[in-house]
Amino acid sequence: MGVYNVHERVLPVPRAEVGLLLDGLSGDADRLWPGRDWPPMLLDGPLAPGAAGGHGPVRYTVAAHVPGQWVRFTFSGPRGFHGFHEFTVHPVGPDRTLLRHTLAMHARGPARLSWPLAFRHLHDAVLEDGLDRAERACTGTVARPARWSRYVRLLRRLTG
């Protein structure tokens with residue numbers, strides 16, 4: 001089963017400011033990943049090609065990183081996740097920047113069930129929470145905060 005999932009947010013700041021958020025992923029002062037409410041993103045080294053880690057049961061390796069612009073992670077788990085997820089930074093004006101997260105994978109074997117029944121819902125929620133964090137880091141507020149669905153709350157109780 002092919003999966004293509006995109007989350008994005010336009011932030012009213014220059015590209016360099018959003019790039020700093022991207023480059024801080026998994027670091028001590030990570031202002032993008034919502035590690036307070038979700039399993040933290042942890043890597044076995046700095047955000048650079050070859051660093052391995054993940055968050056919760058999702059495992060990956062940094063495949064590529066262009067500082068301030070792009071980072072791609074290649075999945076190594078859970079079983080059946082074959083593909084990548086990435087963050088990209090796109091200027092849309094002198095003081096406006098699009099932060100995008102893209103997941104592209106083939107779900108095989110057990111992931112043909114686990115993705116649509118659980119991981120997709122949790123993934124969507126954690127990404128929207130992360131984009132809220134990015135917006136708060138850049139502006140001090142969030143115009144329309146993400147809300148977890150009842151199903152996401154149930155999944156979190158079951159897996160928590």
Side-chain angles (χ1 to χ4, degrees), residues 1-12 18-19 21-27 29-44 47 51-65 69-90 92 97-160:
M1 158 194 336
V3 176
Y4 184 73
N5 180 289
V6 176
H7 292 261
E8 56 189 24
R9 181 95 38 108
V10 174
L11 302 167
V18 179
L21 294 177
L22 175 96
D23 293 343
L25 272 171
S26 84
D30 187 340
R31 297 181 307 145
L32 177 55
W33 189 259
R36 191 186 88 221
D37 295 319
W38 297 92
M41 178 185 280
L42 300 171
L43 297 174
D44 63 3
L47 186 66
H55 58 279
V58 181
R59 314 311 301 160
Y60 39 77
T61 300
V62 178
H65 178 220
Q69 297 178 44
W70 174 57
V71 63
R72 176 175 285 184
F73 304 91
T74 303
F75 290 114
S76 55
R79 211 172 95 214
F81 279 40
H82 299 280
F84 68 88
H85 71 103
E86 66 185 10
F87 285 95
T88 54
V89 176
H90 307 271
V92 292
T97 304
L98 176 74
L99 175 59
R100 176 180 293 142
H101 180 273
T102 303
L103 180 147
M105 70 174 191
H106 289 282
R108 296 194 174 114
R112 291 177 59 90
L113 289 176
S114 65
W115 170 258
L117 293 176
F119 281 105
R120 182 188 62 149
H121 302 279
L122 296 169
H123 166 81
D124 289 348
V126 73
L127 261 297
E128 289 302 316
D129 285 355
L131 293 174
D132 282 358
R133 280 184 51 94
E135 185 175 340
R136 186 172 290 108
C138 292
T139 69
T141 189
V142 179
R144 289 183 298 279
R147 296 181 53 116
W148 295 343
S149 69
R150 276 190 236 158
Y151 191 60
V152 166
R153 291 192 304 273
L154 171 65
L155 288 171
R156 288 177 50 86
R157 278 195 299 275
L158 294 173
T159 60

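Predicted model, so just to flag it, every value in this text is computed and none were measured.
Residues Y4 and T102 are in side-chain contact: their nearest non-hydrogen atoms beyond the backbone lie under 4.5 Å apart. Here the side chains of V92 and T97 are not in contact, with every heavy-atom distance at 4.5 Å or above. At a threshold of 4.5 Å between non-hydrogen side-chain atoms, the residues M41 and F73 count as touching. Considering only heavy atoms from C-beta on, V89 stays 4.5 Å or farther from L98 through its side chain. W70 has its side chain within reach of E86: a pair of non-hydrogen atoms, C-beta onward, lies under 4.5 Å apart. The side-chain heavy atoms of M1 and P116, taken from C-beta on, include a pair separated by under 4.5 Å. L42 is not listed as a side-chain neighbour of S26, based on a closest heavy-atom distance of 4.5 Å or more. Side chains of L155 and R157 form no contact here, defined as non-hydrogen atoms less than 4.5 Å apart.
Between atom OG1 of residue T88 and atom CG of residue L22 there is a gap of 8.5 Å, rounded to the nearest 0.5 Å. Here the CG-CG distance, from L127 to L103, works out to 8.0 Å after rounding to the nearest 0.5 Å. Expressed to the nearest 0.5 Å, how far NE2 of H121 lies from CG of L154 amounts to 11.0 Å. Annotation: the span from L99 atom CG to L32 atom CG amounts to 6.0 Å, rounded to 0.5 Å. Atom CZ of residue R108 and atom CH2 of residue W115 lie 15.0 Å apart, to the nearest 0.5 angstrom.
A side-chain donor-acceptor contact under 3.5 Å links D44 to the backbone of A52. Using modelled atom types, no side-chain atom of T61 and backbone atom of A63 make a donor-acceptor pair closer than 3.5 Å. Listed for the R133 side chain is a donor-acceptor partner under 3.5 Å among the backbone atoms of D30. Using a distance-only test at 3.5 Å, with no hydrogens or angles considered, a donor-acceptor pair links the side chain of Y151 to the main chain of L117. With hydrogens and angles disregarded, a donor-acceptor distance shorter than 3.5 Å links the side chain of E135 to the backbone of A143.
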Could you walk me through whether H85 and Y60 pass side-chain contact (heavy atoms from CB on, under 4.5 Å), step by step? CA-CA 9 Å; H85 71 103; Y60 39 77; 3.4 Å; yes

Is there a side-chain contact (heavy atoms from CB on, under 4.5 Å) between L21 and C138 once you walk through the steps? CA-CA 9 Å; L21 294 177; C138 292; 3.7 Å; yes

So D23 and H65, side chain to side chain donor-acceptor pair (under 3.5 Å) or not? Walk me through it. CA-CA 9 Å; D23 293 343; H65 178 220; 2.9 Å; yes

Show your reasoning for whether side-chain contact (heavy atoms from CB on, under 4.5 Å) applies to W148 and D129. CA-CA 9 Å; W148 295 343; D129 285 355; 2.9 Å; yes

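Taking the six-membered ring where tryptophan is involved, the planes of F81 and F75 are perpendicular, since the angle between them exceeds 60° and thus also 30°. Under the 30°/60° scheme for interplanar angles, the aromatic rings of H7 and H123 are found to stand perpendicular.
Cation-pi geometry between R156 and W38 is met: under 6.0 angstrom from the ring centre, within 45 degrees of the axis.
Heavy-atom neighbours of R79 CZ from other residues, nucleotides or ligands within 6.0 Å: at or below the threshold of 12.
Note on D132 versus R9: salt bridge recorded, some NZ/NE/NH1/NH2 to OD/OE distance being below 4.0 Å.
Nearest heavy atoms, A111 versus A107: O-CB, 3.7 Å.
When ring centroids are compared, W33 and H55 come within the 6.0 Å threshold.
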